[in-house]
Amino acid sequence: MAMNTVMCLLTDAEGTPLGSAMYIPHNAGHLQLTNLVNTFINNEVKLSYSFYVSDEELLVSVGTYMERNSVSVENVLKIVYRQQAVFRIRPVYRCSQTIRDVHEGEILCVSFSPDGKNLASGSGDTTVRLWDLNTETPMFTCKGHNEHVLAVAWSPDVKCLVSGDRDGKVCCWDPSKGELQGNALSGHKKWICGIAWEPAHLSYPSRRFVTCGKDGDARIWDFTLKRTLIVLSGHTRAVTCVKWGGDGTIYTGSQDSTIRMWEITHQGQGILKHILKDHAGWVNSLSLSTEYVLRTGAFDHTRQVTCSDEEMKKIALERYIKAKGKVDSPERLVSGSDDFTIILWEPSVSLQPKQKMVTTARLTGHQQLVNHVYFSPNGQWIASASFDKSVKLWDGVTGKFITAFRGHANCVYQISWSPDSRMLLSCSKDSTLKVWEIGTKKLKHDLPGHEDEVWAVDWSPDGEKVASGGLGKALKLWK
């Protein structure tokens, strides 16, 4: 073999080879590897990729890497390729607005609209506030709850907003006017823990959404009819989280340590499909590998979509199919628990865990309860936040541990991804937000400024802004 070539094997994240091992030039770098992958896959539109060797991003030529790491030229260099977003989000680094005395209570939840134009926040003062992001000022104060607002959720078509409170009531809002649609809806006997909308590619305009509660039930509602359609009963303790999958499956996680999978029949009945049992403690959080496109529907980071309902549904379907990856790729689910573990599932393939993301070594497994898990928008990574003060990064396809982000001085409550999957945001009891860079696996920016614990954070789908709030009652916008 000539010394100016290197024997390489390109594989996807699951280890499937892209052809056979081949000789490539010693000085081949990111551009040459990208061209190779696009050629082998026959991409009509050239896509952007990142490359990894032994979980480290390849930022130099293959020859330079081998020299620096003393890799013999007689070995086959295994290079993993991962598709990247064609756009790049600028990191947030400063507070652009601190809004005090608008909410009179702690801020418990924040959520940007799928088109990135508006923001909703829910508070202990029993109100939902809607914000204009162009002026960074409040638009509407939405009154209808009598208890703490614990959850808010935008419909994928941006035309509806739903909120749930500590009394088990659900309110439906017209976000364009800030008006309550009908009366607060009753059904849950205890507080609302989570809300999820039916994906836009399955139903457009948006009508149905599902809530879960401490009473052990999940309920499917019709926004237009303002009533419960189906009650999903079976959990023996509180249902802490709910997701509506892209294939129509509804997932509920509970304090009874199980995850239940539900199917909605054409006759409008809720049927229990399967029960996923492998956690030994409360299931605190669920996330789907397609979550970003399920949340945003037909809207991408450019926000420029104005089509008919039929066209919007078609665009949402195209985005969902692309997010799943290969034609036969299953939608993946990840769960985080009080038992310190995170489990990666492929429920359409097997009811057994694909990977239980914990080891006996203290370097990799969380040492306290896992509060939040979240797939990156491209489905390639999973981030987990824990009361052990750390954020951990895992391979979103294999479940393999990648790295731990340390820097918070107290419990990490919530995490949020940049739309290009290159950065991760975390908020903590220590009153700070932190921006972590995935490529370098290092802290990018430390964002102090809150006066007390930060409980809620969200990165806008267009990547332009971050919103945060918590015990200090002030809402902060960052950019």
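Given the structure is predicted, the values throughout are model-derived calculations rather than measurements.
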| task | Would you please say whether a donor-acceptor pair under 3.5 Å links the side chains of W345 and S335? | result | yes
| Within the side chain of D339, is there an N or O that forms a donor-acceptor pair under 3.5 Å with the backbone of T341? | yes
| With side chains defined as the heavy atoms from C-beta onward, is the minimum distance between L333 and L286 less than 4.5 Å? | yes
| S337 (side chain) donor-acceptor with H279 (main chain) under 3.5 angstrom | no
| query | Can you find a side-chain donor-acceptor pair between S257 and R237 that sits under 3.5 Å? | reply | no
| field | Nearest heavy-atom neighbours spanning P461 and G116 | value | CD-CA, 4.2 Å
| field | Distance in Å, K444 NZ paired with S418 OG, rounded so as to fall on 0.5 Å steps | value | 11.5 Å
| request: If the plane angle is over 60° it's perpendicular, under 30° parallel, otherwise tilted; pick one for W197 and F223. | output: tilted
| request: Only pairs at least two apart or in different chains count here, so list each salt bridge (Lys or Arg N to Asp or Glu O under 4.0 Å) that has a residue in residues 261-285. | output: D278-K356
| query | Can you name the residues that form a side-chain contact (heavy atoms from CB on, under 4.5 Å) with S285, not counting sequence neighbours? | reply | H372, V373
| Sidechain-backbone polar pair: R260 side chain, S254 backbone, donor-acceptor under 3.5 Å | no
| task | Any chance you could measure F405, atom CZ, to L443, atom CG, to the nearest 0.5 Å? | result | 9.5 Å
| query | Do R129 and H103 pass the side chain to side chain contact (heavy atoms under 4.5 Å, CB included) test, and can you show the C-alpha distance, the side-chain angles, and the key distance before you say yes or no? | reply | CA-CA 8 Å; R129 302 273 177 158; H103 277 301; 2.9 Å; yes
| query | Heavy atoms, side chains only, cut-off 4.5 Å: are L344 and F375 in contact? | reply | yes
| Between T16 and D12, is there a donor-acceptor pair closer than 3.5 Å when you use the side chain of the first and the backbone of the second? | no
| message | Quick one about S384 and W394 (side-chain donor to acceptor, distance below 3.5 Å, no hydrogens or angles considered), yes or no? | response | yes
| said: Can you tell whether the side chains of K324 and D247 come within less than 4.0 Å, N to carboxylate O? | reply: no
| field | Pi-cation contact, W381 with R82 (under 6.0 Å, within 45°) | value | yes
| task | For residues D125 and V102, report the shortest heavy-atom separation together with the two atoms involved. | result | OD2-O, 4.3 Å
| query | Is it true that E451 and R100 have a side-chain N and a carboxylate O under 4.0 angstrom from each other? | reply | yes
| query | Just wondering, do L477 and L119 contact through their side chains at under 4.5 Å, heavy atoms? | reply | yes
| query | Does a donor on one side chain sit under 3.5 Å from an acceptor on the other, for W131 and S121? | reply | yes
Please tabulate, for side-chain N and O atoms in residues 185-192, each donor-acceptor pair with protein atoms closer than 3.5 Å (sequence neighbours left out).
residue: H188; atom: ND1; partner: D215; partner atom: OD1; Å: 3.3
residue: H188; atom: ND1; partner: D215; partner atom: OD2; Å: 3.2
residue: H188; atom: NE2; partner: T211; partner atom: OG1; Å: 2.7

| task | Using side-chain contact (heavy atoms from CB on, under 4.5 Å) as the criterion, list what pairs up with C142, not counting sequence neighbours. | result | V128, L130, F140, W173
| message | Using a 6.0 Å cut-off, check whether atom NZ of K169 has over 12 heavy atoms from anything other than its own residue. | response | yes
| message | Quick one about S468 and H450 (side-chain donor to acceptor, distance below 3.5 Å, no hydrogens or angles considered), yes or no? | response | yes
| field | Any donor-acceptor pair under 3.5 Å from D309 side chain to P205 backbone | value | no
| Side-chain touch C172/F209, heavy atoms, less than 4.5 angstrom | yes
| Quick one: do D157 and K313 make a salt bridge, cutoff under 4.0 Å? | no
| said: Return the CD1 to OG1 distance between I99 and T137, rounded to the nearest 0.5 Å. | reply: 7.5 Å
| Separation of F112 CZ from K465 NZ (nearest 0.5 Å) | 8.0 Å
| query | Does the side chain of S426 reach to within under 4.5 Å of the side chain of W436, using non-hydrogen atoms? | reply | yes
| said: Do the side chains of D55 and K400 get close enough for a salt bridge, i.e. N-O under 4.0 angstrom? | reply: yes
| What distance separates K322 NZ from R319 CZ, expressed to the nearest 0.5 Å? | 9.0 Å
| task | With side-chain hydrogen bond (donor to acceptor under 3.5 Å, both in side chains) as the test, would you mind laying out the steps for S96 and E136 before giving the verdict? | result | CA-CA 9 Å; S96 62; E136 298 187 339; 2.9 Å; yes
| request: Could you tell me whether the side chains of T252 and H235 share a donor-acceptor contact shorter than 3.5 Å? | output: yes
| task | Please assess T126 against N146 for the test side chain to side chain contact (heavy atoms under 4.5 Å, CB included), listing each intermediate value before the final yes or no. | result | CA-CA 6 Å; T126 76; N146 294 317; 5.7 Å; no
| query | Do side-chain atoms of T127 reach the backbone of K143 as a donor and acceptor pair under 3.5 angstrom? | reply | no
| said: Can you tell me how the ring of Y413 sits relative to the ring of F387, calling it parallel under 30°, perpendicular over 60° and tilted otherwise? | reply: perpendicular
| Got a second to check how far T236's OG1 is from D256's CG, nearest 0.5 Å? | 4.0 Å
| query | Which residues satisfy the side-chain contact (heavy atoms from CB on, under 4.5 Å) test with S386, sequence neighbours excluded? | reply | H366, Q368, D388
| message | So that I can tick it off, tell me whether E291 and K243 are bridged by a salt bridge, with the cut-off set at under 4.0 angstrom between side-chain N and carboxylate O. | response | yes
| When you check the side-chain N and O atoms of D452 and S431, is any donor under 3.5 Å from an acceptor? | no
| Looking at side-chain heavy atoms only, is the closest gap between S111 and R295 below 4.5 Å? | yes
| Residue pair N284 / D338, side-chain donor-acceptor N/O under 3.5 Å | yes
| N/O donor-acceptor pair under 3.5 Å between Q255 side chain and T240 backbone | no
| message | side chain to side chain contact (heavy atoms under 4.5 Å, CB included) for T290 and Y320? Distances and angles first, verdict last. | response | CA-CA 7 Å; T290 54; Y320 172 70; 3.7 Å; yes
| For the residue pair D174 and Q181, what are the closest heavy atoms and their distance? | CB-NE2, 3.4 Å
| query | Do R219 and I230 come close enough that some side-chain heavy atom pair is under 4.5 Å? | reply | no
| query | Got V170 and V162 here, is their nearest side-chain heavy-atom distance under 4.5 Å? | reply | yes
| query | When you check the gap from the basic side-chain N to the acidic O, do R208 and D222 get nearer than 4.0 Å? | reply | no
| request: Go through the steps for H408 and S390 under the test side-chain hydrogen bond (donor to acceptor under 3.5 Å, both in side chains), then give the verdict. | output: CA-CA 7 Å; H408 282 296; S390 76; over 6 Å; no
| Do any N or O atoms from the side chain of S289 and from the backbone of R332 form a donor-acceptor pair under 3.5 angstrom? | yes
| task | Quick one: do R90 and D420 satisfy salt bridge (charged side-chain N to carboxylate O under 4.0 Å, His left out)? Show the steps, please. | result | CA-CA 10 Å; R90 179 175 51 82; D420 64 358; over 6 Å; no
| task | Return yes if some donor-acceptor pair links the side-chain N/O of T403 with the main-chain N/O of L393 below 3.5 Å, else return no. | result | no
| task | Could I get the full list of side-chain contact (heavy atoms from CB on, under 4.5 Å) partners for S350, not counting sequence neighbours? | result | Q352
